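Just so it is clear, the values below take in all heavy atoms, side chains as well, and ignore hydrogens, waters and symmetry mates. Please read all numbers here as calculations on a predicted model, not as lab measurements. Just so you know, ligand 1 is whichever comes first in the structure, and atom 1 is the first atom listed for that ligand.
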Amino acid sequence: MDKASPSERLWLGAGDDCAIFDGWLVTKDMSAENSHFRLDWSSPEQAVEKCIVSNVSDISAMGGEAALALLGICVNKNWDASVRARIAEAFSKGFSKRGISLIGGDIVSADEGLFSITMLGRAVGKPLLRSGAKPGETVFVSSPIGASGAGLWAFLHGKQEDAEIQDVVSEHLCPKIDEKFGANLVHAGISGGCVDLSDGLSSELNHLALSSGVKIRIEESKIPVHPGAVRLSEKYGVDVREFWLRGGEDYRLLFTSDDTEETLREKGVSAYAVGHVLEGSGVEMISRTGSVERICAAGWSHL
Ligand SMILES: Nc1ncnc2c1ncn2[C@@H]1O[C@H](COP(=O)(O)OP(=O)(O)OP(=O)(O)O)[C@@H](O)[C@H]1O
Ligand SMILES: Cc1ncc(C[n+]2csc(CCOP(=O)(O)O)c2C)c(N)n1
Ligand SMILES: [Mg+2]
C-alpha cells in the first residue's frame, strides 16, 4: 500500500484533459438535458453514446485507453419507462463494447436529465499533455472538423430534415471518432502537446498555446473542413468558420509533433498539418487572403 498522501501521489492535477493519479488517467464529462442533448433531437442511445465519447475522447487526448467508469444519472421525472430502460441499456452496451467496466455510480431524479461520467483509463506510454507543444513543431488535427457545429446550426434553424446534410446532423447527435487515436500517437513515439476538440478549435488552440507557453500559427487554407459543413454553409449562406473555428463537440485531437504528414504516415498515423508552434504567446491564423488574424478563444462556453 502506498503511504504517500494523495497530493504527493497526484502526478498531474486539474487543467489537462485528464488528471493523473497513481498511474490512472481520470476525467469527468457531463451531459445535461437541453444544454448537451434534447430527446426531441436525438434518440436516448445517441445522447448516451455522445456522453461516453466525450469522456473517451479526453482519455484518448492523453494517450490512453479507457478502462473503468462511474456513472451518475439524473433521471428526468417525465421520462417514461421505455426511455429510462433505453438509457440504461445504452450505457451498459456502450461501456461493454469498449471493454470499459462500470464500477459504480449514483441515480437521482429531478426536473431535467443529466449524465455524469467519471472515466479512468491507462496511458499506453508517456501521457500526452496540453503543455507538451514545443517551438519548431507542426500542429495537426486528426480528422476533418466542423461537422458537429454545422449539425447544431441545422437543428437551431429547423433544417435538420434536409436530406443533403444528414452527415453533419448525425455527427452532431453522435460523433464517430477514432477512440484509439491518442494511444496510437504514443505507440508511434509522438511526444508533443495534445488536447481534444470539445470546445472548438479557437478555444483549444489557445489552451494548447497557453499551457505550453508557446505561440501557435495556423493556416486557414490547410484546415481540413468537413465536406458536410462546407455543403451546409454554401447552401444556406453561413460562414463555414463558425463551424470549424468556433463550433465545438468535434472530439477529434489537436496535437503537435516534430513530424511532417509524410513521416507521421510512415509511423502509421494519418493526420492533417494545419500550422506551426513558434516562440511567443497567443494564436494567430494566416487567412485565405494572406492577412494575419489573432485568434481569441471564442468557442462554446457554458457561462
Ligand atoms: N468544477 C471543476 N472543479 C475542478 N476542476 C475542474 C472543474 N471543471 C473543470 N475542471 C478542470 O478544468 C480543466 C479544463 O476543463 P474543461 O472542461 O475545459 O476540460 P475538458 O474536460 O477537456 O473539456 P470538455 O468538458 O469541454 O470536454 C480540466 O482539467 C478539468 O478537469
Ligand atoms: C441542445 C443542445 N444545445 C447546444 C449544444 C451545443 N453544445 C453544448 S455543450 C458544447 C461544447 C462542449 O461542452 P462541454 O465543455 O460541456 O463538454 C456545445 C457546442 C448541444 N450539443 N445541444
Ligand atoms: Mg478535453
Considering all heavy atoms, the nearest Lys50-Ser148 contact: NZ-OG, 4.4 Å

Heavy-atom pair with the smallest gap, counting every atom of Ala66 and Ile59: N-CG2, 3.7 Å

Structural part of Arg130 in contact with ligand 1, heavy atom criterion under 4.0 angstrom: side chain

Residue portion contacting ligand 1 (non-hydrogen atoms closer than 4.0 Å) for Val195: neither

Min side-chain heavy-atom separation Ser212-Leu129 under 4.5 Å: no

Heavy-atom side-chain proximity of Leu70 to Ile103 below 4.5 angstrom: yes

Heteroatom proximity flag, His207 to ligand 1, N/O under 3.5 Å: no

Heteroatom proximity flag, Asp17 to ligand 1, N/O under 3.5 Å: yes

Ligand 2 contact by Ser35, heavy-atom criterion under 4.0 angstrom: yes

Whether Met30 lies under 4.0 Å from ligand 2, heavy atom: no

For atom 13 (O) of ligand 2, closest protein heavy-atom neighbour: His302 NE2, 3.4 Å

Atom 9 (S) of ligand 2 [closest protein heavy-atom partner, distance rounded to 0.1 Å]: Trp300 NE1, 3.3 Å

By side-chain hydrogen bond (donor to acceptor under 3.5 Å, both in side chains) - contacts of Glu261 (at least two apart): none

Within a reach of under 6.0 Å around [atom1] of [X], are more than 12 heavy atoms found that belong to other residues, nucleotides or ligands?
X      : atom1 : value
Glu279 : CD    : no
Lys235 : NZ    : yes
Lys176 : NZ    : yes
Ile107 : CD1   : no

Ring geometry between Trp79 and Phe115 (parallel below 30°, tilted from 30 to 60°, perpendicular above 60°): tilted

Numbered atoms of ligand 1 (with element) below 4.0 Å of Ser198, judged on heavy atoms: 23 (O), 24 (P), 26 (O), 27 (O)

Residue Asp199 vicinity, atoms of ligand 1 by number, heavy atom under 4.0 Å: 18 (O), 26 (O)

Any idea which part of [X] is under 4.0 Å from ligand 2, heavy-atom wise: side chain, backbone, both or neither?
X      : value
His36  : both
Asp199 : side chain
Trp41  : side chain

From Asp16, Asp29, Val26 - option closest to atom 25 (O) of ligand 1 by heavy atom: Asp29

Option whose closest heavy atom lies nearest to atom 12 (C) of ligand 2, chosen from Ser57, Gly200, Ser198: Ser198

Per-atom contacts of ligand 2 with Arg38, taking only distances under 4.0 Å to non-hydrogen atoms: 1 (C)

Atoms in ligand 2 with a heavy atom of Asn34 nearer than 4.0 Å: 1 (C)

Test item: Arg252 side-chain N/O and Asp250 main-chain N/O as donor-acceptor pair under 3.5 Å: yes

